[in-house]
Amino acid sequence: MLHTFVALVEDKPGVLTRVASLFRRLNINIVSLTVGRSEKQGTSRMTIVSEASPTAGHRIMASLYKLENVLQVDDIGQYSSVSRELALIKVAATPQTRSHIFELAEVFRARIVDLAPESLMIEITGVESKIEGLLQVLNESEDRILEVSRTGRMVMRRGEHTSRVLDAMRVAGVETKDEAEEEIVEIAAEEQV
Amino acid sequence: MGETKTAGTRLTGSEILWATLEGEGVREVFGYPGGAILPAYDALRKFPIRHILVRHEQGATHMADGYARASGKVGVAIGTSGPGATNMVTGIATAMIDSVPLLCITGQVSSKVLGTDAFQEVDITGITLPVTKHNYLVTRAEDIAPVIREALMIAKAGRPGPVLVDITKDAQQASADFDFAAAAPRPHRPHPMLRAESESVLKAAEMIRAAKKPVILAGHGVIRSGAREQLTALAERMQIPVASTLLGLGGFPASHPLSLGMMGMHGEAWVNHAIQNADLLIACGMRFDDRVTGSLATYAVNAKKIHIEIDPAEINKNVKVDVALIGDLAEVLESVLPHLSARKSSAWVKEVNAMKGECAVRDIQNLPDTGHLYAAHVMHDLWRATNGKAIVATDVGQHQMWEAQYYKHEDPRTLITSGGLGTMGFALPAGIGAKVARPEKEVWVIAGDGGFQMTSPELSTIAQENLDINIAIVNNGYLGMVRQWQEFFYDKNYESSPILSPDFVKLAEAHGIPGATVRTRAEVLPAVQASRERKGPFVINFLVEKEDSVYPMIPAGKALHEMIRRPGHNPLIETAQDA
Ligand SMILES: Cc1ncc(C[n+]2csc(CCOP(=O)(O)OP(=O)(O)O)c2C)c(N)n1
Ligand SMILES: [Mg+2]
């Protein structure tokens, strides 16, 4: 099964290698790994998605904590959370064939971020299934995908129902429904503007 | 250089290295010089630190390891970049898997040429990443003191292990302010998953009270944690027999009536039977290694399991347990003991003792001399002569198992052996390290003819340092443990296991070390006594039975009770039942 860990680590050379090497040592495949600076100076936050037996979670977490540069680990699987991935997709398209891709992008709430005479680039953010969905549709409509770059899953635990937005939407029961999630996030973003 | 500890003294990186080690109480290091570590060696004479020059950097790491195991302190090894550093890898891996605190210091090429394949450049932090608890690359003189202090702390903290610090040559040469106190590390973050909740403690206590057939499994953690007193209290109060892992031997006195001896692949039959028949296993600082469990599917199937362990990553790794108490063993036992009141006698202990049989029957001292010299005789006589009180460093192979079976260790830190990695060549350097750490103790090195040849140049280190070490070579003309596997599992195809050796006594003599060759049973004790009485090193070459095997033996992957037993015609017996 897929295990998702979020780890707060020291932002130092070699820390990524240590984390990756741990999974290699345990003979566990990393499905995706994203990393970037966190809110705390000198630290980064990683989301690690790995494929391992259902009982492996405890050992992976305990082993991550044995790395001196790892400050905090969360096994996200057991908690309700928000999950996002960003993908850039370059598709072959001429000015004549562009328009149906624009429509597709609209449906998937993706954006066109680059236009060239023979290609265009789509930016899409969402849960993995949404990105898979767009890729599938592009493939089925015989558009030639030239390049795909995906960040892998980023995950954050939900607040403990403290968000006013969540309360107002009365969505405590729908965390697992992807579309509902997306709505909330978008509304929340709008509120900030 | 006491004045160096005052704040703001300007020193070179090399001086800072030694001053920091001095400040941390390090008085002995094992090492070998070379270009990238020469600045450090140049500064050494200003500091009250004894440097033992080794003959191979692997030896330095095993010496530091033996030093650490014998003393409980951190062992320090030092070497140069490139080949010096790679030679240390085996010793580092040996310490890692056995949880031994080491600090390994390596020189590195100058920071300006890092990554250019400069002469003797090797990425040693990369190479040792999976076999160190942590490692550092230091490129600035001002980082040396804080890194060394933190490295020493990490090596000791929680579950101990080796830490490597790679210091570039320019960092050793540059100058920086030295302030020992200011370089103190932040307190070590305890593993956040350490917990022995009071409910779990109560549950464990209840399971112990309810158990009819409990067995304690005593591992290396007993020794590391210094938990002998608490372990003895638990065993005596509840009348629980104690089985030991190889690295646990000495943690509980072998002469104690509740001591069973070693469990596992070459454990005595009654020990493994007791475990298989138990209704409760109390695992104390051990990790259910495959050498002690045999097949997991059939391991102690009727027993509930309590696991007391400092490393949360060990819980449910091999064996699923009913209660886990994660923390320092001595502390956890302290919290369990108040919930247990004394049990008088136990039918279970009687049952286990009956399996053991009559000691006198088993005592090979009482067997007639058949003219054959068995390794077991050697171990037995060594044990007698030293009352089970010497520090014994063993190598890897049959002799290691015979030592574990026949040398009855009374005290913690007296058996020094490579358990997890099974590193041949360990004994001689580890024995040197032990002697340096505990000069007042009698030290015996017991090695096979094969393993001894892996690190025998360290005889020269012994001669140079004039160390009073007793060396017993159990010479069977074979890579004996390999031959045994070939006998049992490969149709006696003794491919590449017969091994030619030099005349070990002459080899010793070439180093100025006296020695003796022993061929018969009657010569064993006199030779042992001659070695013990002599101040200084002594080598005994024991020419033992060539094709003897270690019994009992659980073939890999078989159940703990499916032992291969010693064939009846052999004059050595392992249990009373065989007599
Ligand atoms: C460095 C290393 N290489 C190979 C082995 C595999 N091995 C385990 S025991 C053994 C034979 C040891 O022979 P010897 O030192 O003569 O001891 P004996 O078994 O004869 O007592 C070997 C080759 C090992 N443990 N370590
Ligand atoms: Mg041999």
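To find a chain, count down the sequence lines: A is the first, B the second, and so on, and within it residues start at 1. Heavy-atom basis, side chains included; hydrogens, waters and symmetry copies ignored.
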Look at [options] and state which one has the largest set of heavy-atom pairs under 4.5 Å with chain B.
| options | value |
| --- | --- |
| Glu68(A), Lys12(A), His58(A), Met61(A) | Glu68(A) |
| Ile60(A), Asn69(A), Thr17(A) | Asn69(A) |
| Ala62(A), Ala56(A), Pro13(A) | Ala62(A) |

**Study point:** Carboxylate-amine/guanidinium contact Glu150(B) Arg186(B), below 4.0 Å
**Key:**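 So Glu150(B) does not pair with Arg186(B) through a salt bridge.
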Review point. Hey, what's the ring geometry for His134(B) with Tyr136(B), parallel, tilted or perpendicular (30° and 60° as the breaks)?
Key: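 His134(B) vs Tyr136(B) ring planes: perpendicular.
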**Study point:** Atom group of Asn316(B) that falls short of 4.5 Å from chain A, counting heavy atoms
**Key:**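 For Asn316(B), no heavy atom lies under 4.5 Å from chain A.
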Practice item. Using non-hydrogen atoms and a 4.5 Å limit, figure out which bit of Leu137(B) sits close to chain A: side chain, backbone, both or neither. Key: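 No part of Leu137(B) comes within 4.5 Å of chain A.
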Review point. Mind checking whether Gln108(B) and Ile167(B) have side chains closer than 4.5 Å, heavy atoms only?
Key: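 Sidechains of Ile167(B) and Gln108(B): no contact.
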Point to revise | Any side-chain heavy-atom pair of Asp322(B) and Ile306(B) under 4.5 Å | key: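 When only atoms from C-beta onward are counted, Ile306(B) and Asp322(B) do not touch, as no gap falls below 4.5 Å.
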Check your understanding: So, Lys133(B) side chain and Ile154(B) main chain: donor-acceptor pair closer than 3.5 Å or not?
Key ->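 Flag set: sc Lys133(B) to bb Ile154(B) pair under 3.5 Å.
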Review point. Listed by residue number, which members of residues 23-49 of chain A have a heavy atom under 4.5 Å from any heavy atom of chain B?
Key: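 Heavy-atom contacts from residues 23-49 of chain A to chain B are Arg24(A), Arg25(A).
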Review point. Any side-chain donor paired with an acceptor under 3.5 Å for Thr94(B) and Thr423(B)?
Key: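 Thr423(B) and Thr94(B) do have a side-chain donor-acceptor pair below 3.5 Å.
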Review point. Atom CE in Met1(A), atom OG in Ser53(A): separation rounded to 0.5 Å?
Key: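 Between atom CE of Met1(A) and atom OG of Ser53(A) there are 8.5 Å.
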Exercise for review: Look up atom CG in Leu329(B) and atom SG in Cys284(B), then write down how far apart they are to the nearest 0.5 Å.
Suggested key: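 Answer rounded to 0.5 Å: 5.0 Å.
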Check your understanding: Looking at Val332(B), Ile326(B), Ile315(B), which hits side-chain contact (heavy atoms from CB on, under 4.5 Å) with Glu309(B)?
Key ->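 The single option meeting the side-chain contact (heavy atoms from CB on, under 4.5 Å) with Glu309(B) is Ile315(B).
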Exercise for review: Tell me, for Leu67(A) versus chain B, whether the close heavy atoms (under 4.5 Å) come from the side chain, the backbone, both or neither.
Suggested key: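 Answer is backbone: N, CA, C or O of Leu67(A) sit under 4.5 Å from chain B.
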